[in-house]
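Data first, discussion second: the structure below is written as structure tokens.
Protein chains get the first letters and strands the later ones, always in sequence-line order, with residue 1 at the start of each.
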Protein chains: 2
Amino acid sequence: MKLHVSPDIFPPRGHEAKRLSIVDSAAAVFCREGFAGANIDLIAAEAGVSRQTIYNHHGDKEKLFVAVVRDLTERCNAGIFATIATFPDQPGDLEADLIGFALRLNQNCICNRDGKFLRKLIQTEGERYPELFAEWREQGPGRTWPAIAARFARLAYGGYLTIEDPDVAARQFLGLVNAELQTTFMLGGSLREDEVLQSATNGVRTFLRAFGKRRSAASAEKQSALAGA
Amino acid sequence: MKLHVSPDIFPPRGHEAKRLSIVDSAAAVFCREGFAGANIDLIAAEAGVSRQTIYNHHGDKEKLFVAVVRDLTERCNAGIFATIATFPDQPGDLEADLIGFALRLNQNCICNRDGKFLRKLIQTEGERYPELFAEWREQGPGRTWPAIAARFARLAYGGYLTIEDPDVAARQFLGLVNAELQTTFMLGGSLREDEVLQSATNGVRTFLRAFGKRRSAASAEKQSALAGA
DNA sequence: GACGATTTAGACAAGAGTGTCTAAATTTGT
DNA sequence: ACAAATTTAGACACTCTTGTCTAAATCGTC
């Protein structure tokens with residue numbers, strides 16, 4: 001296999017910059033090729049670093065892989081919690097606000113580079129490292145789902161929604177909002193922004209039909225006026 | 001790596017039986033280890049067959065992989081269409097019938113061995129074989145989604161549902177019905193039957209809150225009586 | 001500019017996996 | 001039971017990869 005690769009601009013400067021570059025490139029290669037197929041030489045080339053440097057930093061392939069997953073989990077979680085902080089607790093236009101939230105969640109946490117990589121690594125190598133991914137499960141869905149559920153409970157308590165089980169509602173919200181992206185997710189492709197918007201819009205509309213308070217005549221009119229989008 | 005494996009009972013008898021056994025074992029190993037990590041010797045051992053027989057049948061590793069995916073796609077599609085044929089076109093109890101349908105879909109097509117394997121192969125190796133998986137996309141979601149959408153359109157036309165866009169409704173139905181299984185899906189784990197039932201039940205209830213006709217007092221009563229499940 | 005730490009290129013041994021080949025054993029059809 | 005086809009075990013050449021080692025080059029800092 002030839003290794004003519006264009007590294008990120010030019011060799012990264014500084015110890016920490018190299019560490020970063022290595023983990024980044026390793027994430028990409030582990031995703032593309034799987035753990036077994038990932039080639040340290042290729043990672044080194046893509047990182048713009050010599051192979052020995054990788055061994056200096058991380059010891060061996062397995063430790064490098066663990067570092068990659070830990071890194072991705074951390075960054076993704078940070079992104080998700082930052083986005084949850086923007087949840088519309090006192091919505092003006094509930095539909096528009098929820099669509100905005102769903103959009104931010106998708107664009108910043110699920111469809112971005114880190115999100116795609118983490119998802120793929122979990123899918124492909126999850127069974128090989130049970131403890132590592134149990135950790136992800138606790139730190140990821142185990143913390144983010146309840147956080148989102150709590151926000152929906154608050155909306156229900158505030159009279160904006162009619163919800164029996166906030167945990168179920170939260171999971172269904174996520175399911176609806178991504179309903180039209182599943183196939184693309186599976187193939188790891190990139191999503192156009194308008195596809196994400198479309199799926200979020202359709203998902204939120206259905207969510208509100210199920211859990212929203214009965215609409216007034218005025219908002220029903222507005223709803224159907226917008227329906228052609 | 002040691003290869004003391006218990007093959008399926010004892011060496012399979014007959015030419016066709018061997019072919020079957022090879023493809024089956026190959027599917028399992030490709031899923032567990034990824035394409036690069038899959039070991040022909042291991043596949044041979046699990047299939048209860050010598051390595052040379054695999055080369056006699058399939059030529060090389062790549063052709064074997066393609067044969068595996070084609071086989072899985074075909075079997076899964078058959079299962080899905082068989083299940084779609086059981087869609088409740090003239091429902092007695094709409095909620096119960098849709099839950100039953102969702103359950104059959106999940107148990108027979110999505111959570112079964114073939115479904116899990118095919119999903120994982122698409123996720124892990126989809127980008128390596130664009131044409132192969134484009135074919136899957138056309139034959140799979142490209143045919144099954146419209147088929148399901150058509151059934152929902154029929155329900156709407158029959159006055160059982162209020163749906164604007166049957167395609168959207170179909171995708172959302174699938175999203176809702178699997179909303180609670182996503183994490184387990186990602187880690188490739190097996191699902192207990194009651195988890196699948198719970199997710200299907202919750203999903204169908206929400207689906208009907210969004211798209212069902214306004215409930216009569218009687219059915220509203222029944223609904224809330226069942227809500228404690 | 002000089003010093004210590006880090007990085008680099010390249011060679012290297014060891015191991016693993018693919019795909020081929022052979023001759024012997026086994027199965028299948030008749 | 002015989003002949004043809006298939007399967008088997010094992011050896012084999014070849015390639016690729018990991019991880020180590022070395023000596024030279026480069027970097028950061030004073």
Atom-to-atom span, [atom1] of [X] to [atom2] of [N] - whole angstrom:
{"X": "A:I22", "N": "C:dT6", "atom1": "CD1", "atom2": "C1'", "answer": "12 Å"}
{"X": "A:H57", "N": "C:dA5", "atom1": "NE2", "atom2": "C1'", "answer": "12 Å"}
{"X": "A:D41", "N": "C:dT8", "atom1": "CG", "atom2": "C1'", "answer": "13 Å"}
{"X": "B:D60", "N": "D:dC14", "atom1": "CG", "atom2": "P", "answer": "20 Å"}
{"X": "B:R19", "N": "D:dT6", "atom1": "CZ", "atom2": "C1'", "answer": "13 Å"}
{"X": "A:I54", "N": "C:dT7", "atom1": "CD1", "atom2": "C1'", "answer": "12 Å"}
{"X": "B:N56", "N": "C:dT27", "atom1": "CG", "atom2": "C1'", "answer": "14 Å"}
{"X": "B:F65", "N": "C:dG19", "atom1": "CZ", "atom2": "C1'", "answer": "19 Å"}

Might you list the N or O atoms of the protein lying below 3.5 Å from N or O atoms in nucleotides 20-25 of chain C, with each pair's distance?
| residue | atom | partner | partner atom | Å |
| --- | --- | --- | --- | --- |
| C:dC21 | N4 | B:Q52 | OE1 | 2.6 |

### Message
Would you say the rings of B:F152 and B:F87 are close, in the sense that their centroids are separated by under 6.0 Å?
### Response
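B:F87 vs B:F152: aromatic centres under 6.0 Å.
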
#### Entry: Basic-acidic side-chain contact under 4.0 Å: A:E125, A:K120
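Looking at A:K120 together with A:E125, the answer is no, because their closest N to O distance does not fall below 4.0 Å.
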
### Query
Does B:T144 use its side chain to pair, donor to acceptor, with the backbone of B:G140 at less than 3.5 Å?
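The answer is yes, because a donor-acceptor pair under 3.5 Å joins these two groups.
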
### Query
Are side-chain N/O atoms of A:D194 and A:Q198 paired as donor and acceptor at under 3.5 Å?
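No, because no side-chain N or O of A:D194 sits under 3.5 Å from a partner of the opposite role on A:Q198.
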
### Task
Count the heavy atoms belonging to other residues, nucleotides or ligands that lie under 6.0 Å from CD of B:E131, then report whether that count exceeds 12.
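Count over threshold, so yes.
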
[X] side chain: which of [options] is closest?
{"X": "B:K61", "options": "C:dT8, C:dG19, D:dT7", "result": "C:dG19"}
{"X": "B:S50", "options": "D:dT8, D:dT18, C:dT8", "result": "D:dT8"}
{"X": "A:T53", "options": "D:dT7, C:dT8, D:dT18", "result": "C:dT8"}

### Message
Once rounded to the nearest 0.5 Å, what's the spacing between atom CD1 of B:I110 and atom CG of B:L105?
### Response
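Output value for this atom pair is 5.0 Å.
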
Do the side-chain N or O atoms of [X] get closer than 4.0 angstrom to the phosphate oxygens (OP1, OP2) of [N]?
{"X": "B:K18", "N": "D:dA5", "answer": "no"}
{"X": "A:H15", "N": "D:dC27", "answer": "no"}
{"X": "A:N39", "N": "D:dT18", "answer": "yes"}

### Query
Which atoms form the tightest heavy-atom contact between A:W145 and B:A179, and what is the distance?
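Smallest interatomic distance, heavy atoms only, reads CH2-O, 4.4 Å.
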
### Query
Touch check for A:A38, heavy atoms < 4.0 angstrom, all strands: base, sugar-phosphate only, or nothing?
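If one applies the 4.0 Å heavy-atom cut-off, A:A38 turns out to touch the sugar-phosphate alone, with no base involved.
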
